[in-house]
Each structure stands twice: as structure tokens, then as C-alpha cells.
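Down below is the structure, laid out as C-alpha cells.
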Amino acid sequence: MKNSLRRFKIRLFLELSLQIIGAIVLLLFGLKLADGILNDFIANFLSSLDNGLYRFCVRNKEALLLIIASGTIMVIIYFTIRKTSNYLEQMITSINQVFNKDEGLVVLPTDFKEIENQLNSIKFETLRSEQAQQQEQQKRDDLVVYLAHDLKTPLTSIIGYLSLLNDEKEISEELREKYTQIALEKSYRLESLINEFFDITRFALQKQTLNKEAVNLSIMLQQLTDEFYPLFEERQVECKLQLQEGVMINADADKLARVFDNLLRNALAYCDSGTDIEITMRENNDGVELMFANIGPQLSEDQIPMLFEKFYRADPSRSASTGGAGLGLAIARDIVEMHGGTIRAVGIGKRIEFHLHFNKRQ
């Protein structure tokens with residue numbers, strides 16, 4: 001912007017100087033003609049009009065020349081100021097256009113091309129920011145709707161079964177036990193949804209801190225998969241580990257365990273029965289690379305990048321009936337990024353892979 005203004009000032013100065021110099025040259029040239037070739041013609045013309053006018057012009061020749069020169073310079077300055085004023089008006093109009101909601105480009109004279117580019121950049125950045133805020137608000141509104149629905153479903157079941165137990169006095173012991181078990185399971189489900197909602201709210205609204213320490217990822221992953229063994233058995237899947245031993249990083253152990261827990265639960269929720277869940281880890285010069293993979297419903301290229309969105313629920317399979325409220329991957333991404341790492345999803349047919357990268361222990 002400074003360069004544009006500097007070029008404009010230099011150009012304005014040069015134009016004004018050249019115009020004044022040109023006017024002076026023309027004026028001197030005109031005087032030369034008036035004193036030479038045109039002298040008799042002018043004298044005869046003024047005399048024919050009025051002898052008094054002729055004598056007045058002769059006596060006040062220098063003053064008249066000064067008036068003509070001053071008038072010429074004032075006219076030049078006027079048009080220069082007018083041109084500058086037009087530039088300023090265009091600039092003000094363009095600044096106002098920056099805050100318009102349309103996507104029209106700001107257009108300025110060539111001298112202000114740099115300013116034009118900056119104003120257009122500000123305008124489109126403002127538009128993108130407003131659109132992002134609107135989308136975020138829409139997602140929050142959707143979250144409220146989805147959570148209300150997801151919370152209402154188990155709550156309705158709980159009320160229904162408890163009402164049956166309360167109203168039916170002659171119900172058999174077998175049915176009583178069955179209804180009690182269902183109500184208990186729905187209560188656990190309701191508790192899980194509420195906890196997940198509080199988790200994502202905490203990550204969204206509170207500033208999280210990391211309690212870093214030396215963490216052995218190899219041992220952590222082995223222990224975590226051992227804890228999931230009953231769930232693997234229930235889904236008839238096998239978890240295959242390919243872990244390099246003794247891999248250490250500096251991290252918050254509790255939060256990192258939450259990442260791996262969420263990824264495993266996501267894999268369990270969406271993997272096909274009888275398939276394998278794969279976890280690999282290796283250490284290289286750049287850091288530590290991990291991969292969680294499973295076979296499940298095939299996702300489109302547009303859906304995969306959205307998996308980490310906090311409020312993304314476009315995929316019908318990401319529903320309350322198959323797991324949580326669809327927020328586990330968003331929490332995992334937040335924790336990984338808090339550690340300075342990266343996480344991304346890759347779809348290969350029905351195979352979905354989650355790749356994580358962490359820097360080495362400092």
C-alpha cells in the first residue's frame with residue numbers, strides 16, 4: 001500500500017510540474033509571437049476596438065502577463081485537485097464496497113492496483129469469515145436438535161418401561177427383570193450421551209492444558225487393546241497390532257489415551273463383523289507415525305474430510321443407534337492438534353484409515 005501511495009504522489013507531482021512547465025513554455029512562446037510576428041496584428045486589433053484599451057494594455061503589459069500566468073497555473077492546479085478528489089472518492093466508495101455482502105470486485109485506477117488487491121483480499125476474507133460463522137452457528141443449532149433427539153430416545157424408553165413396571169402390578173418376575181434390564185441399559189446409554197455432550201462442550205469452550213510426561217506409546221496401545229478384548233469378541237472382530245517397541249513421546253498420557261480410545265470405539269462402531277481392526281506404529285526421523293484401520297461402510301471423497309467436524313452428522317450411519325453422538329473424532333483431532341500433531345482420514349474402498357503423526361520426544 002505504501003508503494004502505491006508513493007508512486008501516486010510521485011506521478012501527481014510530475015504531472016503537475018510538467019503541466020506548469022508546459023503552460024509557462026506556451027505562455028512564453030505566445031509572448032514571443034505577440035512581440036514579434038503578431039505584434040502589429042494585435043495592436044491593430046486592440047486599436048480598432050478601443051484606443052483606450054490599447055493604451056491600457058501597453059501600460060500594464062507586465063501585470064496582464066502575470067494575471068494570465070497565474071490564471072493558467074490556477075486552472076492546472078484545479079484540474080489536478082479535481083483528479084485527486086476523484087481518486088479519493090473512488091477510494092471511499094471502494095472501502096464501502098469492502099463491507100457489502102455481494103461478491104463484486106473492488107476496482108481502482110491502475111496506480112492503486114496494490115491497494116485494490118488488498119481491499120479485495122480483505123473483502124473476501126470478511127465474507128469467508130461471516131460464512132464460516134454462519135455455518136458454525138448452523139452446526140451448533142443442528143447439534144442441539146440432534147442431541148435433543150438422541151437424548152429423548154433413551155429417555156422415552158426408560159419412562160415407558162418404568163411406567164409398565166409401575167402400572168402392571170401382576171407382571172411376571174421374568175418380564176420385570178427384562179424391563180428393568182432394558183431400562184438400565186437405556187440409562188447407561190443416556191449417561192454416555194450426556195458425558196459426550198459435556199466433553200465436546202468443554203473442548204469447545206474451555207482452554208485445555210497439557211500435563212506432559214514421557215509416555216511409552218507401545219505399552220499404552222497394548223494395554224488399551226487388551227481392555228477392548230471383550231468388545232472385539234462381541235463384534236467378532238480381531239485387532240491386529242504391529243507396534244515398534246519402546247516408542248517414547250512427550251505427551252499428556254490421559255488425553256492421548258482418550259484419542260486412541262475414541263479411534264478404537266469408532267472402528268468398533270462402524271467395522272463389518274468378522275473383519276480386522278489394524279493398528280500400526282513406527283518411529284522414524286520425523287517422529288512417530290500411527291495408523292488405525294478398519295473395514296466398514298464406504299464413504300465418499302466429500303464425506304471423509306468432514307469426519308472430524310464437531311457437529312457433522314450428514315452421514316446417516318453416524319447416528320446414535322451405532323455409537324455416540326458422532327463427536328469422538330472431533331475430540332480426538334483437538335487433542336492431537338494440542339500436542340502439535342496431525343490426524344487425517346484416508347478412504348480406500350470400504351477401508352478407512354486414520355493416520356496420526358507426533359513429533360519425537362523433545
Side-chain angles (χ1 to χ4, degrees), residues 146 149-150 153-154 157 178 181-182 184-193 195-196 199 217-245 247 256-282 288-309 312-333 335-336 343-357:
Y146 290 135
H149 175 269
D150 290 348
T153 301
S157 297
K178 177 182 178 181
Q181 182 63 32
I182 293 175
L184 181 61
E185 290 175 357
K186 297 295 183 181
S187 299
Y188 288 147
R189 173 70 188 138
L190 184 60
E191 180 187 35
S192 175
L193 287 170
N195 288 337
E196 193 165 2
D199 281 340
L217 287 182
S218 308
I219 296 177
M220 175 184 283
L221 287 168
Q222 185 65 62
Q223 291 176 342
L224 188 63
T225 52
D226 289 343
E227 294 172 5
F228 272 78
Y229 181 77
L231 297 176
F232 295 147
E233 287 289 307
E234 181 181 339
R235 287 299 309 276
Q236 298 180 353
V237 299
E238 182 178 352
C239 185
K240 293 185 176 181
L241 301 178
Q242 295 181 17
L243 308 177
Q244 182 177 337
E245 294 184 0
V247 176
L256 211 54
R258 181 65 185 276
V259 171
F260 301 146
D261 183 278
N262 286 358
L263 289 171
L264 274 173
R265 291 186 183 278
N266 181 78
L268 275 169
Y270 301 115
C271 70
D272 293 340
S273 180
T275 59
D276 296 332
I277 294 175
E278 299 176 25
I279 303 176
T280 63
M281 180 179 65
R282 60 186 177 85
V288 179
E289 307 287 342
L290 297 100
M291 183 192 70
F292 289 70
N294 66 273
I295 305 297
Q298 184 170 344
L299 301 178
S300 68
E301 293 183 359
D302 294 331
Q303 290 174 305
I304 290 175
M306 300 294 291
L307 292 176
F308 299 104
E309 293 295 325
Y312 178 67
R313 293 288 300 275
D315 186 352
S317 68
R318 288 168 59 94
S319 65
S321 62
T322 58
L327 303 171
L329 294 179
I331 295 174
R333 180 194 61 181
I335 296 175
V336 170
I343 181 172
R344 60 188 178 89
V346 177
I348 307 172
K350 296 187 66 177
R351 179 184 172 89
I352 183 76
E353 299 177 352
F354 292 92
H355 294 264
L356 295 83
H357 171 82

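The first residue of the sequence shown is numbered 1, and numbering continues consecutively from there. This is a predicted model, so every value here is computed, not measured.
What you find for F232 and C239 is that their closest heavy atoms are CE1-CB, 3.5 Å. Scanning all heavy atoms of the two residues, the minimum distance from D302 to P305 falls at O-CD, 3.5 Å. Counting all heavy atoms, side chain and backbone alike, A345 lies closest to I304 at O-CG2, 3.4 Å. Closest non-hydrogen pair, Q303 versus S300, comes out as OE1-N, 2.9 Å.
Each of L231, V259, I279, L221 was compared with L264 under the side-chain contact (heavy atoms from CB on, under 4.5 Å) criterion, and only I279 meets it.
Ring geometry, F308 versus F354: the interplanar angle exceeds 60°, so the pair is classed perpendicular (tilted spans 30 to 60°).
To the nearest 0.5 Å, atom NZ of residue K186 and atom OG of residue S157 are 4.5 Å apart. Atom CD1 of I352 sits about 10.0 Å away from atom CD of Q298, to the nearest 0.5 Å. One distance of note links CZ of R333 with CZ of R344; it measures 15.5 Å at 0.5 Å rounding. Rounding to the nearest 0.5 Å gives a distance of 9.5 Å between CD of E245 and CD1 of I219. To the nearest 0.5 Å, the span separating CD1 on I182 from OG on S187 amounts to 11.5 Å. Here the CG-CG distance, from D261 to N266, works out to 11.0 Å after rounding to the nearest 0.5 Å.
Residues V237 and D272 form no side-chain contact, since every pair of their non-hydrogen atoms from C-beta on lies 4.5 Å or further apart. Annotation: side chain of F292 is in contact with side chain of L356 (closest heavy-atom distance under 4.5 Å). When side chains are defined from C-beta on, R265 does not count as touching L268, because their heavy atoms never get closer than 4.5 Å. By the 4.5 Å heavy-atom criterion applied to side chains, E278 and N294 are not counted as neighbours. Residues L329 and N262 form no side-chain contact, since every pair of their non-hydrogen atoms from C-beta on lies 4.5 Å or further apart. Taking the side chain as every heavy atom from C-beta outward, L290 and H355 never approach each other to under 4.5 Å. Taking 4.5 Å as the limit, some side-chain heavy atom of I348 sits within range of a side-chain heavy atom of V346.
Partners of S273 by side chain to side chain contact (heavy atoms under 4.5 Å, CB included), not counting sequence neighbours, listed by chain and number: Q236. Judged as a salt bridge (charged side-chain N to carboxylate O under 4.0 Å, His left out), and not counting sequence neighbours, K178 has no contacts. For E289, the side chain to side chain contact (heavy atoms under 4.5 Å, CB included) partners two or more places apart in sequence, or in a different chain, are R282, N284, H357. Contacts of E238 classified as side chain to side chain contact (heavy atoms under 4.5 Å, CB included), with partners at least two apart in sequence or in another chain: K240, D276. For R235, there are no side-chain hydrogen bond (donor to acceptor under 3.5 Å, both in side chains) partners at least two apart in sequence or on another chain. Taking E353 as the reference, R351 meet the salt bridge (charged side-chain N to carboxylate O under 4.0 Å, His left out) condition, with sequence neighbours excluded.
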- Item | Verdict with supporting geometry, L241 and T225, side-chain contact (heavy atoms from CB on, under 4.5 Å) | CA-CA 9 Å; L241 301 178; T225 52; 3.5 Å; yes

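No donor-acceptor distance shorter than 3.5 angstrom exists from the side chain of S218 to the backbone of L243, with no hydrogens or angles considered.
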